[in-house]
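Here is the structure we will look at, set down as structure tokens.
All values derive from a computational prediction rather than experimental measurement.
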Amino acid sequence: MSLRPLPVPKALPLLGLLFFSLFSSTSHAAQWRPIGPEGASIQAVASGAGGAVYAVTSQGNVAASSDGAASWSQRGRLLGVHDTLVADPARPGILYAATLGGLLKSADGGATWSEPLTSAILWDFQIAPSSPDVLYGTGGKEVLKSTDGGVSWTSSFLGGAFAFALAIDPTNPLIVYTATLEGVLRSDDGGAHWGVLQGSPDVVYDLAIDPRRPATLYGLGNGEVFKSTDRGASWTRVWEAPAGSYILPQKLIVDPGSGTVYMLDNHTGIYSSPDGGASWARILSLYGVLDLAVDGRTPGRLYAGTYAGGVYRSDDRGGTWVVANHGLRELAFTGVAADPHKPGVLLAIANPDPASFPAFGSQILLRSTNGGATWSSPFGDPNNGPVSNEIVADPARPGAWYLATYGVLKSLNGGRTWAKASEGLRQIEFVHTLAAAPSRRDTLYAISWDTYPLCNSPDCPRVTLYHSVDGGTHWQGAQVPGLERGHVLFSLAVDAVNPAIVYAGGPHLFKSTDGGVSWSQTAGSLRGSIENLAADPFTSGTLYAAVYVPRGRRVYKTTDGGATWKPASGGLSVDVTVGRIVPDPRVPGTLYAATGKGVYVTKNGGALWTPMNEGWSEGFVWSLALDPLRPGVLYAGRTEGLFEYSSAPAAAP
């Protein structure tokens, strides 16, 4: 038996992450307003009584929807790993979550959570469909049971068998199955006694029962699905992964209304069988699908929780899908830039899991042509985009954009399509920072790091400074004399007047006066690590540096090309850490800073900084950019999304 070809979902343009909704604002006051696409990394979804839907994000926030995922509101927060969320099928608002701290319970739809009902780390947890106060959980080599909604527990040991999964008879809470490395076990007395079902598969990772036919049981093995129609007495294999397909499903779900069997594979998507396993089709082709829930009230409705795309919803058993993220705002925008030649064009890098190191986490490249009203992913599937760290436009060549990734990608059509521009770069190098010369077309500079473990050297990460004079077609590298072994460089700044003068910041300031061919350490020194550099757009030799010191990040200024420095942190308290500095190219002495407490501005070259946090709460700002075509308009990326600041009315889409 083989899988049927996947039909193209009609309501999933570009595999589902082309267009995002956003909050709109009619206020013209000078304040921050959200413009970025909504979304989150969804670890678990559950359908509850009364049509309620619940989701847990990678940051532990619990969201709820009462309108079929058309909109979401935040409820509460969970701590620890939370990959299992189960809703009471009969009583609204009752939820259970399995975490590293044990099983937690909420009686108010996830707003508040109990102390652990049991401290055991549960591999699986289930509510008895016919008796919601009867709970079962697998905890290593035992099965835990509660008959009072988790108030008290008993346990039954399975000998040497390690239990992975559970399934409870939908009509009789005393009949329960568990899957182990020794086969499938069944208990007919509520877990008091267990017997191995002879002939069951040796390895089963998940179990599911057809609620319409309680004697029908499905088991998920290592790239296989098995079926029993006699309560596990005998089994047949109904699906096997095609050779070389790398399909290794992790979860089985049976729709209680139709009996359709769904199979979830984190790497390739969701598969379904409407005929009891006789035939299968992939209904959602997407990397990073982490959970699936069947709506208990609306026939045919499914909810998929994904790593990068948020929540997907289908109303026809997976025939078509739509993104359902309104109200979910947990995409961290680690990069943003506005096109210097075409109004309304924005490119941004979003990270669904900002706690991960950028070189190893997942990033989504997004593009808007109407000032943030709608967004699309040039790579279609949100997980198909390259791991990336910075997005840069060439200020001297219309349509030219560069993306720092493993190598460099280049676009000549405003970010719609991309191609490699990495000749001269080694494959193991991750380009951490890119800079384009403001006054010379096609002149670029880059900082690369060899990535561990590919570096495989005590010098890891090895740092190389590159330059290109043909728009990234060819790159030439240079080592940095005086850079200590194992240290890295973080930032680049190109002189506004002379594009052959470029600076690189790290444990020291390094300078090149010949377009990156050779480098030397400047005589002036700063105590701390230079994490961001910004060249004054009006005066050659004037630089600003965000420097990491034990008590935070401070701002310093040089007017002689790095020979001497003086503090430029006036008004910044020691607990305000500065991450990125952005000079205003129209107003001398005006600079903006992304900090751990919002955005700050100075209008006198750093003598005095003041906060500009109208419209949002203080918080960490990942990225900051000015719009070169709209005076006074800034874009800032936070964990809660992308924001725009402007005192002028928003441009019409």
Side-chain angles (χ1 to χ4, degrees), residues 1-3 122-126 128-130 134 136-145 155-243 245 247-256 258-265 271-280:
M1 179 193 66
S2 60
L3 294 174
L122 301 180
W123 285 86
D124 195 9
F125 170 78
Q126 299 289 336
S130 60
V134 177
Y136 288 93
T138 58
K141 297 180 180 180
E142 62 179 341
V143 173
L144 304 177
K145 179 185 179 182
S155 64
S156 57
F157 288 90
L158 303 174
F162 196 101
F164 290 101
L166 287 167
I168 307 170
D169 188 293
T171 60
N172 186 347
L174 296 179
I175 300 176
V176 59
Y177 303 82
T178 185
T180 75
L181 290 177
E182 298 181 3
V184 179
L185 282 65
R186 189 182 77 201
S187 173
D188 295 330
D189 54 10
H193 302 88
W194 294 88
V196 177
L197 297 173
Q198 300 300 322
S200 66
D202 292 335
V203 178
V204 174
Y205 297 113
D206 197 22
L207 291 167
I209 296 177
D210 187 340
R212 305 175 311 158
R213 301 179 178 89
T216 298
L217 184 67
Y218 296 90
L220 180 63
N222 190 14
E224 299 173 298
V225 175
F226 299 90
K227 180 181 180 179
S228 172
T229 58
D230 51 13
R231 298 187 185 274
S234 61
W235 297 80
T236 57
R237 186 170 60 193
V238 295
W239 178 82
E240 183 177 10
S245 65
I247 302 174
L248 193 64
Q250 294 82 35
K251 190 170 186 177
L252 283 175
I253 297 173
V254 181
D255 187 330
S258 66
T260 300
V261 186
Y262 297 101
M263 179 172 62
L264 184 153
D265 176 48
Y271 302 79
S272 76
S273 174
D275 49 16
S279 62
W280 295 82

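A donor-acceptor pair under 3.5 Å links the side-chain atoms of Arg212 to the main chain of Ser258, judged by distance alone. Side-chain atoms of Asp124 come within 3.5 Å of backbone N or O of Leu166 as a donor-acceptor pair.
Annotation for Leu220 and Pro249: closest pair CD2-O, 3.4 Å, computed over non-hydrogen atoms. The two residues Pro211 and Pro170 come nearest to each other via the heavy atoms CA-CG, 3.8 Å. Closest of all the heavy-atom pairs between Val134 and Pro173 is CG1-CB, 4.3 Å. Of all the heavy atoms in Thr260 and Pro274, the pair that sits closest is OG1-CA, 4.0 Å. Summarising the geometry of Pro214 relative to Asp169, their closest heavy-atom pair is CB-OD2, 3.7 Å, with the distance given to 0.1 Å. Nearest heavy-atom pair, Met263 versus Leu252, reported as atom, atom and distance to 0.1 Å: CB-CD2, 4.0 Å.
Here the side chains of Gln250 and Asp206 are not in contact, with every heavy-atom distance at 4.5 Å or above. Using a 4.5 Å heavy-atom cutoff, the side chains of Leu185 and Thr180 are in contact. Contact of the Thr138 side chain with the Phe162 side chain is not registered, since no non-hydrogen atoms from C-beta on lie closer than 4.5 Å. Contact of the Trp194 side chain with the Ser156 side chain is registered, since non-hydrogen atoms from C-beta on lie closer than 4.5 Å. Counting heavy atoms from C-beta outward, Lys251 and Tyr262 have side chains that stay 4.5 Å or more apart. Using a 4.5 Å heavy-atom cutoff, the side chains of Val143 and Leu158 are in contact. Two residues are said to be in side-chain contact when any heavy atoms from C-beta on lie closer than 4.5 Å; Phe164 and Leu207 fail this criterion. Within the 4.5 Å cutoff, side-chain heavy atoms of Arg231 are placed close to those of Ile175.
Neither side chain, Ser273 nor Trp239, offers a donor N or O lying under 3.5 Å from an acceptor on the other.
The 12-atom threshold is not exceeded at CH2 of Trp123, counting heavy atoms of other residues, nucleotides or ligands nearer than 6.0 Å. Residue Phe157 qualifies as open at atom CZ: its count of foreign heavy atoms under 6.0 Å is 12 or below.
The CG atom of Asn222 sits 5.5 Å away from atom CG of Leu248, with the distance rounded to the nearest 0.5 Å. Between Thr178 atom OG1 and Gln126 atom CD the span is 10.5 Å, to the nearest 0.5 Å. With rounding to the nearest 0.5 Å, the separation of NZ in Lys145 from OH in Tyr136 is 3.5 Å. Atom CD1 of residue Ile168 and atom CD1 of residue Ile209 lie 8.0 Å apart, to the nearest 0.5 angstrom. Atom CD of Glu240 sits about 9.5 Å away from atom OG of Ser245, to the nearest 0.5 Å. Leu197 CG to Ser234 OG: the interatomic distance, rounded to the nearest 0.5 Å, is 10.0 Å.
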Under the criterion side chain to side chain contact (heavy atoms under 4.5 Å, CB included), I'd like the reasoning laid out for Ser187 against Val176: C-alpha separation, chi angles, the key distance, then a yes or no. CA-CA 5 Å; Ser187 173; Val176 59; 3.9 Å; yes

Note to self: One pair to check against side chain to side chain contact (heavy atoms under 4.5 Å, CB included): Phe226 and Val184. What are the steps and the verdict?
What the structure shows: CA-CA 11 Å; Phe226 299 90; Val184 179; over 6 Å; no

